[in-house]
A.B. asks: 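A single structure is presented below for examination.
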Amino acid sequence: MKPARPEFVPDASATREEMEALQRDVAADATWSDDFDFDPGTVGSDRTTGSGVATGQRTLSTDHGAASAPLVAGVDQAFLDDRAVSVVVVRRGDTVVERAHAVTDLEIPYIPGLLAFREGGPILAAFAELTCEPDLVVFDGSGRIHYRQAGLATHIGVTLDVPSVGVAKGLLCGTPETGVDGRPEGWRTPILADDDVENAAPGTKIGHAFQSRQYDSRPIVNPIYVSPGHRVRVDTATDLVERLCAGYKLPEPTRLADAHADEVKRGLSE
DNA sequence: GCGACAG
DNA sequence: ATCTTGTCGC
């Protein structure tokens, strides 16, 4: 899979001003309304989507049911010295249909707000190795929840012109509408734009804090922060991620990509 | 100057 | 992100 918009490929050798300018251009081309052809209800595990048919004692995954499920990809990275191991794992229902990876030299350090310029190139290198075209891509980082509304999920989503969502373990910017501590599983609250977010009226909903996992009475799990990448609206992004969570804090696509990135990384040092 | 800050 | 053993709890 190659960039549909080569002009947006992040260039790590650009100046900070040029990077920020490119992000504004990316945000201007991003779509934050639903623009994908699959049924959101068919995303997630076969058990949850009903694409399997209960027959008394067994559950059969029907071929026609699985075939209609969209291709959902998870992207994650692992690091070794000054190299990035980027991986893309694609599933249809609960079946992994393709994995791709790339090992790339890192050009610049991590700078909050400029993550796509450090990891974007490596991620696109992994996508270049991918033969299928995912219907949805889940990134480990923010999308619209970003100073210029062009986080990693948005930047790469727009560059590849693929529907995408961002899932971050921490909040980069914006303000939760209500406190997020100790909330029950399934709970969500909007993340509202504040003065740190460009081109968004303060109060604009740019994502959600979502409690994907929680234990009984012990508020030890922090929520995840979900935001649209490209071609998905705020509420839909969180609906999709909720369907992709299968008993763990992080969505399954992310967990699979994370595990595979570690495998590739091991084979690199051993 | 101080605090905040995806991975 | 990464460096790292055991340990508390369902």
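To find a chain, count down the sequence lines: A is the first, B the second, and so on, and within it residues start at 1.
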A.B. asks: Pick base, sugar-phosphate or nothing for A/F79, based on heavy-atom distances below 4.0 Å to the nucleic acid.
C.D. replies: sugar-phosphate
A.B. asks: Just checking A/L106: base, sugar-phosphate only, or nothing, at a heavy-atom cut-off of under 4.0 Å?
C.D. replies: nothing
A.B. asks: Identify the two heavy atoms, one from A/G120 and one from A/I156, that lie closest to each other, and give their separation to 0.1 Å.
C.D. replies: CA-CD1, 3.8 Å
A.B. asks: So what stems show up for DNA chain B if we need 3 or more Watson-Crick or G-U pairs in a row, all under 3.5 Å?
C.D. replies: none
A.B. asks: Between A/E98 and A/T131, is there a side-chain donor-acceptor contact under 3.5 Å, judged purely by atom types and distance?
C.D. replies: yes
A.B. asks: Figure out the CG/C1' separation between A/D140 and C/dA1, and round it to whole Å.
C.D. replies: 10 Å
A.B. asks: Is there any side chain to side chain donor-acceptor pair (under 3.5 Å) pair reaching into residues 79-89 of chain A, and which pairs are they, with sequence neighbours excluded?
C.D. replies: A/Q77-A/S86
A.B. asks: Give the first and the last nucleotide of DNA chain B, reading 5' to 3', that has any atom under 4.0 Å from a heavy atom of chain A.
C.D. replies: B/dC5 to B/dG7
A.B. asks: Just the rounded figure in Å: distance from P of C/dA1 to CG of A/L115.
C.D. replies: 11 Å
A.B. asks: Mind calculating the distance between CG (A/D82) and C1' (C/dA1) to the nearest angstrom?
C.D. replies: 13 Å
A.B. asks: NA contact type, A/G151, heavy-atom cut-off 4.0 Å: base, sugar-phosphate, or nothing?
C.D. replies: base
A.B. asks: Side chains of A/S142 and A/S227: donor-acceptor distance under 3.5 Å anywhere?
C.D. replies: no
A.B. asks: When the ring planes of A/H101 and A/H260 are compared, do they come out parallel, tilted or perpendicular, using 30° and 60° as the limits?
C.D. replies: perpendicular
A.B. asks: Does this structure show an ion pair linking A/E252 with A/R255, if we count only N-O contacts that are shorter than 4.0 Å?
C.D. replies: yes
A.B. asks: Categorize A/L171 for me: base, sugar-phosphate, or nothing, with a 4.0 angstrom heavy-atom threshold over every strand shown.
C.D. replies: sugar-phosphate
A.B. asks: Produce a footprint string for nucleotides 5-10 of chain C: one letter per nucleotide, 5' end first; B if the base is under 4.0 Å from any protein heavy atom, S if only the sugar-phosphate is, - if neither.
C.D. replies: ------
A.B. asks: For DNA chain C, report each stem as range with range, ordered by first number, or say none. Use Watson-Crick or G-U wobble pairs under 3.5 Å, at least 3 in a row.
C.D. replies: none
A.B. asks: Between A/K249 and A/S212 (side chain of the first, backbone of the second, donor and acceptor by atom type, cut-off under 3.5 Å), is there such a pair?
C.D. replies: no
A.B. asks: Go through the structure and list residues passing side chain to side chain contact (heavy atoms under 4.5 Å, CB included) with A/D135, not counting sequence neighbours.
C.D. replies: A/D37, A/F38, A/P70, A/L71
A.B. asks: Looking for any heavy atom pair under 4.0 Å, which part of the strands does A/A78 touch: base, sugar-phosphate only, or nothing?
C.D. replies: sugar-phosphate
A.B. asks: Charged N to carboxylate O below 4.0 Å: is that the case for A/R213 and A/E185?
C.D. replies: yes
A.B. asks: Give a yes/no answer on whether the side chain of A/K265 brings an N or O atom under 4.0 Å of OP1 or OP2 in C/dA1.
C.D. replies: no
A.B. asks: Assess whether salt bridge (charged side-chain N to carboxylate O under 4.0 Å, His left out) is satisfied between A/D239 and A/R233, documenting all intermediate values.
C.D. replies: CA-CA 10 Å; A/D239 290 344; A/R233 64 189 182 86; 5.5 Å; no
A.B. asks: A/S164 side chain to A/A153 main-chain N or O, any donor-acceptor pair under 3.5 Å?
C.D. replies: yes
A.B. asks: With side chain to side chain donor-acceptor pair (under 3.5 Å) as the test, pick out the partner of A/E198 among A/R24, A/H146, A/Q149, A/Q23.
C.D. replies: A/R24
A.B. asks: Counting the atoms with a prime plus P, OP1 and OP2 as sugar-phosphate, which does A/G166 contact under 4.0 Å by heavy atoms, base, sugar-phosphate, or nothing?
C.D. replies: nothing
A.B. asks: For the side chain of A/T31 and the backbone of A/R231, is there at least one donor-acceptor N/O pair under 3.5 Å apart?
C.D. replies: no
A.B. asks: Can a side-chain donor-acceptor contact be found between A/R183 and A/Q211 if the only test is distance below 3.5 angstrom?
C.D. replies: no
A.B. asks: What is the distance, to the nearest angstrom, from the CG atom on A/L172 to the P atom on C/dA1?
C.D. replies: 15 Å
